[in-house]
Amino acid sequence: QVQLVESGGGLVQAGGSLRLSCAASGLTFSMYSLGWFRQAPGTEREFAAAISWSGGSTNYADSMKGRFTISRDNAKNTVYLQMNNLKPEDTAVYYCAARGDRYRARTTNDYDFWGQGTQVTVSS
């Protein structure tokens, strides 16, 4: 059974940083590309960042470029999202997702497995 468990969310002031982690089990981690998405109340789930199976290729939503960094540790079966210079509009539940393909993707339909999410709240 595949499980993705996010952690690291919380409350932070604007301009602060958080590092999200997502630990995976039940899959051959190195054969999956991974993504982070987020969903604010009343909105659709949106793409944040994605990383290929090796970590050699990454992709970001425009609003997160230069502030967010996605990385992975295949030895630890974990993907990370480093978030810097956080803004109140970054407030959302953040989800990690795994895609049974080595190459990254940006849409929710491309991903096979999802975590339960972790809340990030940025105060002004």
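Quick note: residue numbers are just sequence positions, from 1.
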Let me confirm one number: the OG-CG distance from Ser17 to Leu86, rounded to the nearest 0.5 Å.
6.0 Å

Regarding Asp110 and Arg104, does a basic nitrogen lie under 4.0 Å from an acidic carboxylate oxygen?
no

Look at Lys65 together with Asp62 and state whether they make a salt bridge at an N to O cut-off of under 4.0 Å.
yes

Roughly how far, to the nearest 0.5 Å, is the OG atom of Ser63 from the CZ atom of Arg38?
5.0 Å

Minimum heavy-atom separation for Asp90 to Arg67, with atom names?
OD2-NH1, 2.7 Å

Tell me the closest heavy-atom pair linking Gln119 and Val93, and the distance in Å.
OE1-CG2, 3.2 Å

What are the two closest non-hydrogen atoms of Ala14 and Pro88, and how far apart are they?
CB-CD, 4.1 Å

Can a donor-acceptor pair be found, under 3.5 Å and without considering hydrogens, that links the side chain of Ser52 to the backbone of Ser33?
no

With rounding to the nearest 0.5 angstrom, report the CD to OG1 distance, Gln39 to Thr108.
9.5 Å

Okay, side chain of Tyr111, backbone of Gly100: is any donor-acceptor separation there less than 3.5 Å?
no

All heavy atoms of Trp53 vs all of Ser30, minimum pair found to be CB-O, 3.3 Å

Any donor and acceptor pair, going by atom type alone, linking the side chain of Glu6 with main-chain N or O of Gly117 inside 3.5 Å?
yes

Residues Thr69 and Tyr60: closest non-hydrogen pair is CA-OH, 3.4 Å

Thr43 (side chain) donor-acceptor with Pro41 (main chain) under 3.5 angstrom
no

With ring pair (Phe, Tyr, Trp, His ring centres under 6.0 Å) as the test, would you mind laying out the steps for Phe37 and Phe47 before giving the verdict?
CA-CA 5 Å; Phe37 291 76; Phe47 171 76; 5.7 Å; yes

Side-chain contact, heavy-atom cut-off 4.5 Å: Thr121 with Val12?
no

Within-4.5 Å side-chain heavy-atom neighbours: Asn84 and Phe68:
no

When you measure from the side chain of Thr118 to the backbone N and O of Gly9, does any donor-acceptor pair fall under 3.5 Å?
yes

Aromatic rings Tyr95 and Trp114: how do their planes relate, parallel, tilted or perpendicular, breaks at 30° and 60°?
perpendicular

Treating Arg99 as the side-chain partner and Leu34 as the backbone partner, does any N or O pair qualify as donor plus acceptor under 3.5 Å?
no

Between Glu46 and Met64, does the side chain to side chain contact (heavy atoms under 4.5 Å, CB included) criterion hold? Intermediate values first, please.
CA-CA 12 Å; Glu46 66 169 346; Met64 298 158 211; 4.1 Å; yes

Working to the nearest 0.5 Å, report the span between SG of Cys96 and CD1 of Ile70.
9.0 Å

Is the backbone N or O of Tyr80 less than 3.5 Å from a side-chain atom of Asp73, with the two atoms forming a donor-acceptor pair by type?
no

Under 3.5 Å donor-acceptor, Ser54 side chain and Gly56 backbone:
yes

According to a 4.5 Å side-chain heavy-atom criterion applied to Ile, Leu, Val, Met, Phe, Trp and Tyr, with indirect links allowed, do Leu4 and Phe29 form part of one hydrophobic cluster?
no

Is it true that atom CD of Gln116 has more than 12 heavy atoms of other residues, nucleotides or ligands lying nearer than 6.0 Å?
no

Nearest-0.5 Å distance, CH2 of residue Trp36 to CE of residue Met83
8.0 Å

CZ of Arg72 to OG of Ser21, rounded to nearest 0.5 Å, is 14.0 Å

In the single-linkage hydrophobic clustering (I, L, V, M, F, W, Y; side-chain heavy atoms under 4.5 Å), do Met31 and Phe113 co-cluster?
yes

Over all atoms of both residues, closest heavy-atom pair of Leu20 and Val120
CD2-CG2, 4.0 Å

